[in-house]
Participant: 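Below are the structure tokens for one structure; questions will follow.
When reading the values below, keep in mind they use all heavy atoms of this one structure, side chains included, and skip hydrogens, waters and symmetry mates.
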Amino acid sequence: MQSKASTPEEYINELPEDRKIVIQKLREVVLQNLPKGFKEVISYGMLGYVVPHEIYPDGYHCTPKLPLPFFNIASQKNSVNIYHLVIYANKGIHDWFVFEYPKHSKYKLDMGKGCIRFKKLDAIPYELIGELISKVSVKEWIEMYENTIKNK
């Protein structure tokens, strides 16, 4: 479900009430923990947190006119999803998250390569997501991206 919203506020306002609350809380957690240099945008029809072109002019290798993605939040049909390329690019952070998750949720982790799906909206581990967001600086993310994703 890609949104046509052009601002984070528009994106949140078009959601059903139960999703609005969850997405707003996720957004707050991300903004409180987001390292300096990342920028909030609408990216791929969802809330996005990116390395802006001013910092990384090359942009995303798949679509260079777009800034380098870091983290996204989306309200999908059956779940709220977060997309974090660091989990895909860094085995250490991936393994840390998988290990920590059961300490924060009684539900099974529903995870793809860089996607985490939350079907139980009342069981989102906000604190863990905040910690996940804070683990990588812009500089570290660019280096990780160039070494593990861009040149694949």
Side-chain angles (χ1 to χ4, degrees), residues 1-3 8 11-12 15 19 21-152:
M1 296 178 359
Q2 267 197 358
S3 170
Y11 180 87
I12 291 167
L15 298 172
R19 295 292 180 99
I21 293 166
V22 170
I23 298 292
Q24 182 60 42
K25 187 166 182 182
L26 273 170
R27 180 183 183 215
E28 289 169 11
V29 166
V30 170
L31 290 173
Q32 288 169 1
N33 292 281
L34 194 65
K36 187 178 182 209
F38 290 105
K39 181 179 178 185
E40 183 180 50
V41 298
I42 293 294
S43 177
Y44 294 99
M46 56 188 141
L47 294 180
Y49 302 88
V50 301
V51 179
H53 281 107
E54 304 87 69
I55 294 174
Y56 190 69
D58 289 357
Y60 188 39
H61 71 281
C62 295
T63 312
K65 69 177 182 174
L66 293 177
L68 176 60
F70 175 67
F71 190 86
N72 290 81
I73 303 170
S75 176
Q76 301 294 356
K77 183 178 180 182
N78 296 313
S79 60
V80 165
N81 297 354
I82 61 172
Y83 303 88
H84 194 29
L85 286 174
V86 171
I87 285 179
Y88 173 72
N90 185 296
K91 183 171 174 19
I93 291 177
H94 171 276
D95 292 350
W96 167 83
F97 187 84
V98 169
F99 179 78
E100 289 296 317
Y101 184 83
K103 298 175 187 176
H104 296 265
S105 179
K106 62 183 178 181
Y107 298 101
K108 183 179 179 234
L109 178 59
D110 184 356
M111 185 171 164
K113 286 185 178 180
C115 171
I116 303 165
R117 294 170 285 276
F118 299 103
K119 293 180 181 158
K120 306 258 188 238
L121 301 184
D122 59 342
I124 296 174
Y126 296 101
E127 185 179 315
L128 181 62
I129 292 167
E131 194 173 341
L132 174 65
I133 289 294
S134 69
K135 285 198 166 288
V136 176
S137 70
V138 167
K139 182 180 178 195
E140 291 167 327
W141 171 230
I142 291 169
E143 188 176 301
M144 204 180 296
Y145 166 74
E146 287 182 340
N147 291 329
T148 60
I149 297 175
K150 183 178 181 181
N151 297 319
K152 272 192 171 182

Participant: Tell me the closest heavy-atom pair linking Y11 and G45, and the distance in Å.
Facilitator: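 Closest approach of Y11 to G45, heavy atoms only: CE1-O, 3.3 Å.
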Participant: Just checking K103: does its NZ atom have more than 12 heavy atoms from other residues, nucleotides or ligands closer to it than 6.0 angstrom?
Facilitator: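 Yes.
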Participant: Take a 6.0 Å sphere around CD of E127 and say whether it holds more than 12 heavy atoms from other residues, nucleotides or ligands.
Facilitator: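 Atom CD in E127 is not crowded, with 12 or fewer foreign heavy atoms closer than 6.0 Å.
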Participant: Enter the distance from I82:CD1 to S79:OG here, rounded to the nearest 0.5 Å.
Facilitator: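 With rounding to 0.5 Å, CD1 (I82) is 11.0 Å from OG (S79).
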Participant: Is I23 close to I73 at the side-chain level, that is, under 4.5 Å between some pair of heavy atoms?
Facilitator: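 The answer is yes; the side chains approach within 4.5 Å.
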Participant: Is it true that the NZ or CZ of K39 lies under 6.0 Å from the centre of Y49's six-membered ring and within 45 degrees of the ring axis?
Facilitator: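 Here K39 fails the 6.0 Å and 45° test against Y49.
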Participant: Quick one: does any side-chain atom of R19 pair with a main-chain N or O of A74 as donor and acceptor, under 3.5 Å?
Facilitator: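 Absent.
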Participant: May I ask you to test the M111-V98 pair for a side-chain heavy-atom distance under 4.5 Å?
Facilitator: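 Yes; the side chains approach each other to less than 4.5 Å.
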Participant: Give the minimum heavy-atom separation between S43 and G48, together with the two atoms involved.
Facilitator: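 The answer is CB-CA, 4.2 Å.
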Participant: How long is the gap from CG on L132 to CD1 on I87, to the nearest 0.5 Å?
Facilitator: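 The CG atom of L132 sits 4.5 Å away from the CD1 atom of I87.
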Participant: State which residues pass ring-ring contact (aromatic ring centres under 6.0 Å, His included) with H61; sequence neighbours excluded, sorted by chain then number.
Facilitator: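 Testing H61 for ring-ring contact (aromatic ring centres under 6.0 Å, His included), a comparison that skips the adjacent residues, returns Y145.
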Participant: Got a second to check how far I12's CD1 is from Q24's CD, nearest 0.5 Å?
Facilitator: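 One finds 4.0 Å between CD1 of I12 and CD of Q24.
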Participant: For the side chain of N90 and the backbone of V86, is there at least one donor-acceptor N/O pair under 3.5 Å apart?
Facilitator: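 No, because the side chain of N90 does not come within donor-acceptor range (under 3.5 Å) of the backbone of V86.
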Participant: I'd like to know if the side chain of N72 reaches the main chain of L47, judged simply by a donor and an acceptor atom lying under 3.5 Å from each other, with no hydrogens or angles considered.
Facilitator: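 Yes, N72 side chain to L47 backbone: donor-acceptor pair under 3.5 Å.
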Participant: Any side-chain heavy atom of V22 sitting closer than 4.5 Å to one from L15?
Facilitator: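 V22 does not reach L15 side chain to side chain.
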Participant: Testing the 3.5 Å rule here: is there a donor-acceptor pair between the side chains of E146 and Y56?
Facilitator: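 A donor-acceptor contact under 3.5 Å links the two side chains.
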Participant: Tell me, do Y107 and K119 make a side-chain contact under 4.5 Å, heavy atoms counted?
Facilitator: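 No. Closest side-chain heavy atoms not under 4.5 Å.
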Participant: Just do the side chain to side chain contact (heavy atoms under 4.5 Å, CB included) check on N33 and E131 with the steps written out, would you?
Facilitator: CA-CA 7 Å; N33 292 281; E131 194 173 341; over 6 Å; no
Participant: Which pair of heavy atoms, one from P52 and one from G37, lies closest together, and at what distance?
Facilitator: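 Heavy atoms of P52 and G37 come nearest at CD-O, 3.3 Å.
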Participant: Between S105 and Y101 (side chain of the first, backbone of the second, donor and acceptor by atom type, cut-off under 3.5 Å), is there such a pair?
Facilitator: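 Looks like no, no N/O pair under 3.5 Å.
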Participant: Which pair of heavy atoms, one from C62 and one from P64, lies closest together, and at what distance?
Facilitator: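 Closest heavy-atom pair between C62 and P64: C-CD, 3.9 Å.
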Participant: Working note: E28 + Q32, criterion side-chain hydrogen bond (donor to acceptor under 3.5 Å, both in side chains); need CA distance, chi angles, decisive distance, verdict.
Facilitator: CA-CA 6 Å; E28 289 169 11; Q32 288 169 1; 5.2 Å; no
Participant: With no hydrogens and no angle check, just 3.5 Å: does a side-chain donor-acceptor pair link S137 and E140?
Facilitator: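 Indeed, the side chains of S137 and E140 share at least one donor-acceptor pair under 3.5 Å.
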Participant: Evaluate the side-chain proximity of F38 to W141: yes if any heavy-atom separation is below 4.5 Å, no if none is.
Facilitator: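 A side-chain contact under 4.5 Å exists here.
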Participant: Going by the side-chain contact (heavy atoms from CB on, under 4.5 Å) test, name the single residue among V138, I142, V50, L34 that passes it with F70.
Facilitator: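 Passing option: L34.
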Participant: For the pair R27 and E40, find out whether any cationic side-chain nitrogen is under 4.0 Å from an anionic carboxylate oxygen.
Facilitator: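 Salt bridge between R27 and E40, a charged N being under 4.0 Å from a carboxylate O: yes.
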Participant: Taking the side chain as C-beta and beyond, is there a heavy-atom pair between F118 and D110 under 4.5 Å?
Facilitator: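 No, too far: nothing below the 4.5 Å cut-off.
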Participant: What's the spacing between K139 NZ and M144 CE if we round to 0.5 Å?
Facilitator: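 Reported to 0.5 Å precision, the distance equals 12.5 Å.
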Participant: How close do T148 and A89 get, heavy atom to heavy atom, and via which atoms?
Facilitator: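 Residues T148 and A89, closest heavy atoms: OG1-CB, 3.2 Å.
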Participant: Rounded to the nearest 0.5 Å, what's the gap from NZ on K25 to CD1 on I124? Could you check?
Facilitator: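 The CD1 atom of I124 is 9.0 Å from NZ of K25, to the nearest 0.5 Å.
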Participant: Between Y126 and H104, is there a side-chain heavy-atom distance shorter than 4.5 Å?
Facilitator: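 No, every pair of side-chain atoms sits at 4.5 Å or beyond.
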Participant: Would you compute the distance between atom CD1 of I129 and atom CD1 of I116 and round it to the nearest 0.5 angstrom?
Facilitator: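 Output value for this atom pair is 6.5 Å.
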